[in-house]
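Note sheet for the following structure.
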Amino acid sequence: MALTLTLASRNLFHDSLRFIATMVGIVFSVVLVMVQMGLYLGFGHMVTTMIDHAAADLWVVPKNAKSFEDPSLLDLKLRSRVAGIDGVATVVPLVVGFSDWRLDSGEMTPVFIVGSDLHDGALQPWNVIDGNVQALSQGFGVAVDRSYFERLGISGVGSTAEIRGKKIKVVALTDGIRSFTTTPYVFVDLKNARSLTGTPPDRVGDLLVRLKPDADRDKAITAIRGEIGDAEVLTTAQFRDRSRSFWLFGTGAGAALFAGALLGVIVGTVIVAQTLYSSTKDHLSEFATLRAMGSANSYIYHVIIYQALINAVIGFAVASAIGALVVQMTAKSALPIVITPWLVAALAALTVLMCVISAFGAIFRVVRIDPAMVFMR
Amino acid sequence: MSEVIIEARDVAMTLGSGARRVQALRGIDLALRRGELTLLMGPSGSGKTTLLLVLGCMLTPTAGTVTISGTVTAEADKEGLAKIRRDHIGFVFQSYHLFPTLTAAQNVQLALDIRHERGKRARQHAREALERVGLAHKVNTRPGELSGGEQQRVAIARAIVTNPAVVLADEPTAALDGDNGRAILKILADSAHERGQAVLVVTHDPRIVPFADRIIHIEDGLLVDQTEAEPTRLPKIAPFGPISALRSES
């Protein structure tokens, strides 16, 4: 091991109390940033879950529709116009909207209705764990996620409730289809969606367009744009970005998460900087001795930077273990924290950067060392 | 006459400013020669330490020139002075200034490490230096577990491991008892006489006078006396003779 690294590690571990304080600071900071960014990714994933699971190449949406949940409506006539465009394979209408779910107890809770034609299969419930999706077209059958049992006052397939005066029956259960708005998604057949949301027969929420395999997408978009008037045509990626942008930044949720993450970085940097500075002050006579012996300033910087890097490596390892635990604990919760390999890599880089920046204060102190101080008795 | 390693010419040093301005050194002319152990003596406040700092490239004189192995120190900036110290000077401090978290061998190795001398060879050199000061059996011991005399010997090993042209020692025996002080001076004298280094020892300690080749007295920043010691007064030091003796003394 290089002597600078040995010296750095001995300087750190020599004062175990200060080392523990540093670790607490780094771990707190990294876990906070990890959780905030994990929530951001989780939210980002959640707000586009319907878009991600829809079998569509293009979306025709009302003008300025901000997200999948936007309540604006389109004229149903657009469906036949778009269907006639060269390269378009199918155009599937989607009826979505907020409604009220009336529990047997008489209590009301808001729900979000997602209605599509089951035969077209453009947006059907996924991760079905019980019941039968085909039964959605029989009567007022609905599919809901099992995580909302308590909220919806149900116990499983066969449970009943009421939406807009219609007696509905749970015919299928899904797992893991949760809404960012916390309002439960309720999957229904297209025809039932109109009556459960009060959507007029000549209106739809969105149109899901599938292109033929050999179709030129850009040409199709241009042609569709010419047929839909005020409405907009978006690729799946564009609609996903717009939805994320609205929910995460339009509502301030994303900004709050980033602010929390920034706070974590600041707290971590300050704690590490403070402990590194005080450690350097405690070892000032040793650094002065090195200077007196003729070491270059850069040699001493190496010792301090190594101290920062050791802090970063150990702190990040502990924080990662805690982060993995948090991910596991929240996987089935209403707010799942998503940690991707990229996030882990970015956090590792951030931790190193944070610790190295923290070392600057100590380095500025060392630059001012007078080697002659070792001769003062 | 031996080769001059450090030469100070008309060196003056003023410290402080205004009412606190002090003329610490005045017109110092001094030459330290290879193979000579020189004692710098004088009362407190006479300018001994200031002269040591100037000769050790830690202070730049306000007037005059200091030349070390042909390099004029006035032309160097802070990093340049550090390089001169690294390349030409070994220091022994009164308070040892060892690194408490490192072993004796690692403390010695530091002097090599800052010169980018690393690896097996550096470890070997560090062990040899500790052997020279009679501490081959303490290579893996930390300073806290060593006696004061042993710590000072580690500090000397650190100062001489790079085989510097000059060794500057500041009161190296001040905190030691008679036996340990004598042992330390034997090692420093050995460095001068056997290894050809120029050794300057700042001291108040009259017990070490018999080891000196030359004694310089300083008062009020002026060199007032330079005495060449008589050869007969010097203790006879065999190349490795004293080391075995040292081990039994420690």
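Letters A, B, ... mirror the listed sequences (proteins, then strands); counts begin at 1.
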Inter-residue atom distance B:Phe93.CZ - A:Ser285.OG, 0.5 Å rounding: 10.5 Å

Locate the shortest heavy-atom distance separating A:Ser295 from B:Ala82; write the atom from each residue and the value. O-CB, 4.0 Å

Pick whichever of A:Ala296, A:Ala292, A:Pro371 has the most heavy-atom pairs under 4.5 Å with chain B. A:Ala292

Evaluate whether atom NE2 of B:His217 has more than 12 neighbouring non-hydrogen atoms of other residues, nucleotides or ligands under 6.0 angstrom away. yes

Does any part of the side chain of B:Leu110, heavy atoms only, come nearer than 4.5 Å to the side chain of A:Tyr299, both counted from C-beta? yes

Could you tell me the separation between the CG atom of B:Leu102 and the CG atom of A:Asn11, rounded to the nearest 0.5 Å? 8.0 Å

Are B:Phe91 and A:Val374 packed together at the side-chain level, in the sense that at least one heavy-atom pair is separated by less than 4.5 angstrom? no

On a heavy-atom basis, which atom in B:Thr101 and which in A:Arg10 lie closest, and how many Å separate them? O-NH1, 2.8 Å

With a 4.5 angstrom heavy-atom cut-off, could you sort out which part of B:Arg158 is near chain A: side chain, backbone, both or neither? side chain

Given a strict heavy-atom distance threshold of 4.5 Å, which part of B:Leu81 is in contact with chain A: side chain, backbone, both, or neither? neither

With side chains defined as the heavy atoms from C-beta onward, is the minimum distance between A:Met293 and B:His97 less than 4.5 Å? no

Tell me, do A:Met373 and B:Met58 make a side-chain contact under 4.5 Å, heavy atoms counted? no

Report, as yes or no, whether the 6.0 Å neighbourhood of atom CZ on A:Phe364 holds more than 12 heavy atoms from other residues, nucleotides or ligands. no

Side chain, backbone, both or neither of B:Leu53 within contact of chain A (heavy atoms, under 4.5 Å): side chain

If you draw a 6.0 Å radius around CG in B:Asp177, do more than 12 non-hydrogen atoms from other residues or ligands fall strictly inside? yes

Could you check if a side-chain atom of B:Arg118 sits within less than 4.5 angstrom of a side-chain atom of A:Leu3, using non-hydrogen atoms only? no

Is it the case that atom CD in B:Glu219 sees more than 12 heavy atoms from other parts of the structure closer than 6.0 Å? no

Are more than 12 heavy atoms from other residues, nucleotides or ligands located less than 6.0 Å from atom CD of B:Gln124? yes

